**Student:** 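Quick one: structure below, then a few questions.
Whatever order the structure lists them in is the order used to number ligands and atoms, beginning at 1. The shown structure was predicted, so the numbers you read here are calculated from the model rather than taken from an experiment.
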Amino acid sequence: MIETRQITKSLGDKLVLRGVDLSVKRGEAVALLGSNGAGKSTWLKIAAGLLQPTSGEVVINSQVMKKEDYTNRKLIGYLGHRSFLYEAFTSIENLQFFARLYNIANPDERINHLIDAVGLSFFKHEPVRLFSRGMIQRLAIARSLLHDPEILLLDEPHTGLDQQGVAFLNELLLKLKTIGVTLIMVTHDFYQINGVCDRAVVLKKGKISQDENIVGRPVEWIQTLYAGKEITC
Ligand SMILES: Nc1ncnc2c1ncn2[C@@H]1O[C@H](COP(=O)(O)OP(=O)(O)OP(=O)(O)O)[C@@H](O)[C@H]1O
Ligand SMILES: [Mg+2]
């Protein structure tokens, strides 16, 4: 379970987040929506413990996350706009590096499994600097899953993926959901929410403007919710 309580964040002279209360239960999958600049990535980084809020707190499994709280941070997998991958390293070397960072014992089997799962089997020994945008995204997804996180925070995870990549990612997310992984996904692509997320939260000017169950709802319904119009059906 992950919760943010009254999160505010000032960046430069802007109040980017203005009191965000959001609680997501174990195994729940939430789509975080909002226009460019609404504060989604900022909120996600704060929830991941990568950025300190100006005020408010992040609570993981009933424990308030402290500044250097690596125990709770290890429960979180985070995929941001940036891949965090090292260009000079190969796929395997990148994941070995992050495995060491997470203190994962005997990571080789898991690394190979993840590289295969994201469809990069033929590129295990290629340096990342030779990768296409979609290949980088695939490896970044593998990186975010390496330590078997129980909470997964994904910032526009479908970016750059081809049709097959989108399908594998959605399948993977559904699988993770069935084993109780908590999922929060920022996206602008409403078609990728359908079937994966149970709930949609809309962030508008640094505050939550909508928070609805979307199970069984068509994409048009989510578009209406996003637009903030009155929903009649
Ligand atoms: N380091 C920074 N300094 C000043 N302002 C910042 C900084 N980082 C982000 N901002 C501002 O914070 C606001 C929210 O940014 P954020 O990246 O969270 O938006 P977003 O909802 O993820 O948008 P997008 O859909 O474009 O990814 C924007 O107005 C942005 O200009
Ligand atoms: Mg963003």
**Student:** Within the side chain of Asp21, is there an N or O that forms a donor-acceptor pair under 3.5 Å with the backbone of Gln6?
**Tutor:**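 Between the backbone of Gln6 and the side chain of Asp21 there is a qualifying donor-acceptor contact (under 3.5 Å).
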**Student:** For ligand 1, which atoms, with element, lie under 4.0 Å from some heavy atom of His188?
**Tutor:**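 Under 4.0 Å from His188, ligand 1 has these atoms: 25 (O).
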**Student:** Which is closest to atom 21 (O) of ligand 1 in terms of heavy atoms, Lys40, Lys14, Lys205, Lys9?
**Tutor:**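 Comparing heavy atoms across Lys40, Lys14, Lys205, Lys9, the nearest one to atom 21 (O) of ligand 1 lies in Lys40.
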**Student:** Heavy-atom contact under 4.0 Å between Lys45 and ligand 1?
**Tutor:**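 Outside the 4.0 Å threshold, so no.
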**Student:** Using only atom types and a distance under 3.5 Å, with no angle test, would you say the side chain of Thr8 pairs donor to acceptor with the backbone of Ser55?
**Tutor:**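 At least one qualifying donor-acceptor pair exists.
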**Student:** Checking a contact table here: which protein heavy atom is nearest atom 12 (O) of ligand 1, and how many Å away?
**Tutor:**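 The closest one turns out to be Val16 CG2, 3.2 Å.
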**Student:** Heavy-atom distance to atom 15 (O) of ligand 1: which of Leu11, Thr42, Leu17 wins?
**Tutor:**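 Among Leu11, Thr42, Leu17, the closest heavy atom to atom 15 (O) of ligand 1 belongs to Thr42.
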**Student:** Using a 6.0 Å cut-off, check whether atom CZ of Phe97 has over 12 heavy atoms from anything other than its own residue.
**Tutor:**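 Counting neighbours around CZ of Phe97, more than 12 heavy atoms of other residues, nucleotides or ligands fall under 6.0 Å, so yes.
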**Student:** When you measure from the Mg ion (ligand 2) to each N, O or S atom of His81, which atom gives the shortest distance?
**Tutor:**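 For His81, the N, O or S atom at the smallest distance from the Mg ion (ligand 2) is NE2.
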**Student:** N/O/S of Ser41 less than 2.8 Å from the Mg ion (ligand 2)?
**Tutor:**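 Yes, since at least one N, O or S atom of Ser41 sits under 2.8 Å from the Mg ion (ligand 2).
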**Student:** Does the N or O separation between Gly12 and ligand 1 drop below 3.5 Å for any pair?
**Tutor:**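 N/O-N/O distance below 3.5 Å does not exist for this pair.
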**Student:** Considering only non-hydrogen protein atoms, determine which one is nearest to atom 26 (O) of ligand 1 and report residue, atom name and distance to 0.1 Å.
**Tutor:**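 The protein heavy atom lying closest is Asn36 ND2, 3.0 Å.
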**Student:** Assess the side chains of His158 and Asn170: does a donor N or O sit below 3.5 Å from an acceptor N or O?
**Tutor:**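 Yes.
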**Student:** For ligand 1, which atoms have a heavy atom of Glu156 less than 4.0 angstrom away?
**Tutor:**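 Heavy-atom distances to Glu156 below 4.0 Å select 27 (O).
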**Student:** Just checking, is any N or O donor in the side chain of Asn112 or Lys124 under 3.5 Å from an acceptor N or O on the other one?
**Tutor:**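 Yes, a side-chain donor-acceptor pair sits under 3.5 Å.
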**Student:** Please check if the side chain of Arg26 supplies one atom and the backbone of Val181 the other of a donor-acceptor pair under 3.5 Å.
**Tutor:**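 Answer holds: no.
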**Student:** Is it the case that Ser91 and His125 place a side-chain donor and acceptor less than 3.5 Å from each other?
**Tutor:**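 Absent: no donor and acceptor within the cut-off.
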**Student:** Given Ser41, Gly206, Gly34, Gly37, which has its nearest heavy atom closest to atom 28 (C) of ligand 1?
**Tutor:**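 Shortest heavy-atom distance from atom 28 (C) of ligand 1: Gly37.
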**Student:** Does CG belonging to Asn106 count more than 12 external heavy atoms closer than 6.0 Å?
**Tutor:**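 Open.
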**Student:** Run the numbers for me: atoms of ligand 1, each under 4.0 Å from some heavy atom of Ser35, listed by number.
**Tutor:**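 Near Ser35, the atoms of ligand 1 are 21 (O).
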**Student:** Where the side chain of Asn61 meets the backbone of Met1, is there a donor-acceptor pair that is under 3.5 Å apart?
**Tutor:**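 Yes; judged by distance alone, with no hydrogens or angles, the pair exists.
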**Student:** What protein heavy atom sits nearest atom 27 (O) of ligand 1, and how far away is it?
**Tutor:**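 Of the protein heavy atoms, His81 NE2, 3.3 Å lies nearest.
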